[in-house]
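Input: a single structure, listed below in structure tokens.
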Amino acid sequence: MNAVQADQLGKTYGKTGRALEEVSFSVEKGEIFGFIGGNGAGKTTAIKILVGLVNPSHGSALIFEHPAGTREAKEKIGYLPEVSNYPDWIPSGRLLDFYASLSHSSPPGKEWISSLFSLVGLSGKEKIPLRQFSKGMMQRFGLAQSLVGDAPLLLLDEPTSGLDPQAQREMKDLLLSLREKGKTLFFSSHQLSHVEEICDRIGILKDGRLVACASVTSLLDQEGPFEITASPGTEALAGIAPVAPQARVAVMDGKVLVPQEQLIPALEFLRAKGVHIQGVEKKRPSLEDVFLNMVRKGPGANEKGDRP
Ligand SMILES: Nc1ncnc2c1ncn2[C@@H]1O[C@H](COP(=O)(O)OP(=O)(O)OP(=O)(O)O)[C@@H](O)[C@H]1O
Ligand SMILES: [Mg+2]
């Protein structure tokens, strides 16, 4: 059974504000699915549809086989919104206890609240109201709030936003530990290195359309930048932009990294300049390379056999 099944989701705000178009994907139970895309690509809109906060203009979504927005679907979801405005004068422990009382039929007890505070790295902060929290502490509280109902599916809209590098790493480890506990995680992020490290599969949105949806391995497999080592190449390498505009040049090392489709023109250019090419090596791309490439190129590359 899939944790999420989105079919042909579309959303138009007002008459013309098209935020999502024909977005279909599935999230398997127990996996971490990363949703990436530039600002305004439609990530938050899609998440809000899954939560049941926004009605789709087209298509439908199922949460553990229940239509998104129904009580049965909502019971399966823990949600971290992109922007939150919690009551900030109440001691944070009491506030979490309040959220717990909304989702548990009987009070879950102090131990549950302290275990969540400890899980998100806020041990001992239960008496402090949120107005005294830093942004990073707020983000941790938000995650605790999403966990309070012990739901099997977590929909997290930018959980690492506003965190310092150390806290981002801790959040990453925390998300991995939640998968170990059997949760399914669906989160949006602009932190591509973390998405690459922890996600099983990734969806890439561009202007409201899903331009890729595949496992991290297959995404990183298909788009290889090539590293050309050249000598003596300083001037030629520095002037390669007209034929390989996305090239990244390391002039000091006599190396240039070019995307696959610019390899041939780049080699021809360097040869025409009389540069001796010492080697061409396919590099493993980072998710950032793949993302930038796809966002420039547009739709394409769905993993074989993977339902988009
Ligand atoms: N309530 C709304 N009314 C009108 N347009 C909206 C509304 N919410 C979002 N939009 C528009 O829908 C598009 C997608 O927005 P969305 O917030 O889903 O993007 P996002 O991918 O989450 O971006 P970001 O990375 O900046 O959070 C944008 O063009 C945005 O202006
Ligand atoms: Mg957003």
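We count ligands from 1, going down the list as the structure has it; atoms in each ligand are counted the same way.
With respect to atom 26 (O) of ligand 1, the closest heavy atom belonging to the protein is Asn39 ND2, 3.0 Å. From the protein, the heavy atom lying nearest to atom 27 (O) of ligand 1 is Glu82 OE2, 2.5 Å. For atom 9 (C) of ligand 1, the closest non-hydrogen atom of the protein is Tyr13 CE1, 3.3 Å. Protein heavy atom nearest atom 28 (C) of ligand 1, with residue, atom name and distance: Gly40 O, 3.8 Å. Protein heavy atom in closest approach to atom 15 (O) of ligand 1: Thr45 OG1, 3.9 Å. The shortest contact between atom 25 (O) of ligand 1 and any protein heavy atom is with Lys43 NZ, 2.7 Å. Closest to atom 17 (O) of ligand 1 among all protein heavy atoms lies Thr44 CB, 3.6 Å.
Linking ILVMFWY residues whenever their side-chain heavy atoms come closer than 4.5 Å, directly or via other members, leaves Val83 and Leu155 in distinct clusters. Both Leu9 and Val54 are assigned to one and the same hydrophobic cluster, defined by single-linkage of ILVMFWY side chains at heavy-atom distances under 4.5 Å. Taken together through direct or relayed side-chain contacts under 4.5 Å among Ile, Leu, Val, Met, Phe, Trp and Tyr, Trp89 and Ile113 form part of one hydrophobic cluster. In this structure, Ile128 is a member of the same hydrophobic cluster as Leu143, with clusters built from ILVMFWY side-chain heavy atoms closer than 4.5 Å.
Close approach of ligand 1 to His190 (heavy-atom distance below 4.0 Å) involves ligand atoms 25 (O). Set against the non-hydrogen atoms of Gly38, the atoms of ligand 1 under 4.0 Å away are 21 (O), 25 (O).
Remark: ligand 1 and Ala19 share no N or O pair separated by less than 3.5 Å (distance only, no angle test). Residue contacts with ligand 1: Ala41 is placed with a nitrogen or oxygen under 3.5 Å of a nitrogen or oxygen of the ligand (distance criterion only).
Within the 6.0 Å centre-distance limit, the rings of Phe186 and Phe25 are counted as a close aromatic pair.
Put simply, atom 23 (O) of ligand 1 has protein non-hydrogen atoms near it, under 4.0 Å away. Protein heavy atoms all stay at least 4.0 Å away from atom 30 (C) of ligand 1.
With the Mg ion (ligand 2) as vertex, Glu82 OE2 and Thr44 OG1 subtend 100°, rounded to 10°.
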Task: ring pair (Phe, Tyr, Trp, His ring centres under 6.0 Å) between Phe35 and Phe187, worked out - done: CA-CA 6 Å; Phe35 217 33; Phe187 75 101; over 10 Å; no
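Judged purely by distance below 3.5 Å, without hydrogens or angles, the side chains of Ser115 and Ser118 never pair a donor atom with an acceptor atom. A donor-acceptor contact closer than 3.5 angstrom is absent between the side chains of Gln145 and Tyr79.
For Lys11 and Tyr13, the positive end sits near the middle of the six-membered ring, less than 6.0 Å away and at most 45° from its axis.
Although no hydrogens or angles enter the test, the distance criterion places no donor-acceptor pair under 3.5 Å between the side chain of Thr184 and the main chain of Ala3.
Within the 4.0 Å heavy-atom cutoff, Gly42 counts among the residues contacting ligand 1. Contact between Lys48 and ligand 1 is absent, with no heavy atom of the residue lying under 4.0 Å from the ligand. Residue contacts with ligand 1: Glu158 is included, with a non-hydrogen atom under 4.0 Å away. By the 4.0 Å heavy-atom criterion, Gly14 is excluded from the residues contacting ligand 1.
For the pairing with Asp289, the salt bridge (charged side-chain N to carboxylate O under 4.0 Å, His left out) check across Arg284, Lys283, Arg248 returns one residue only, Arg248.
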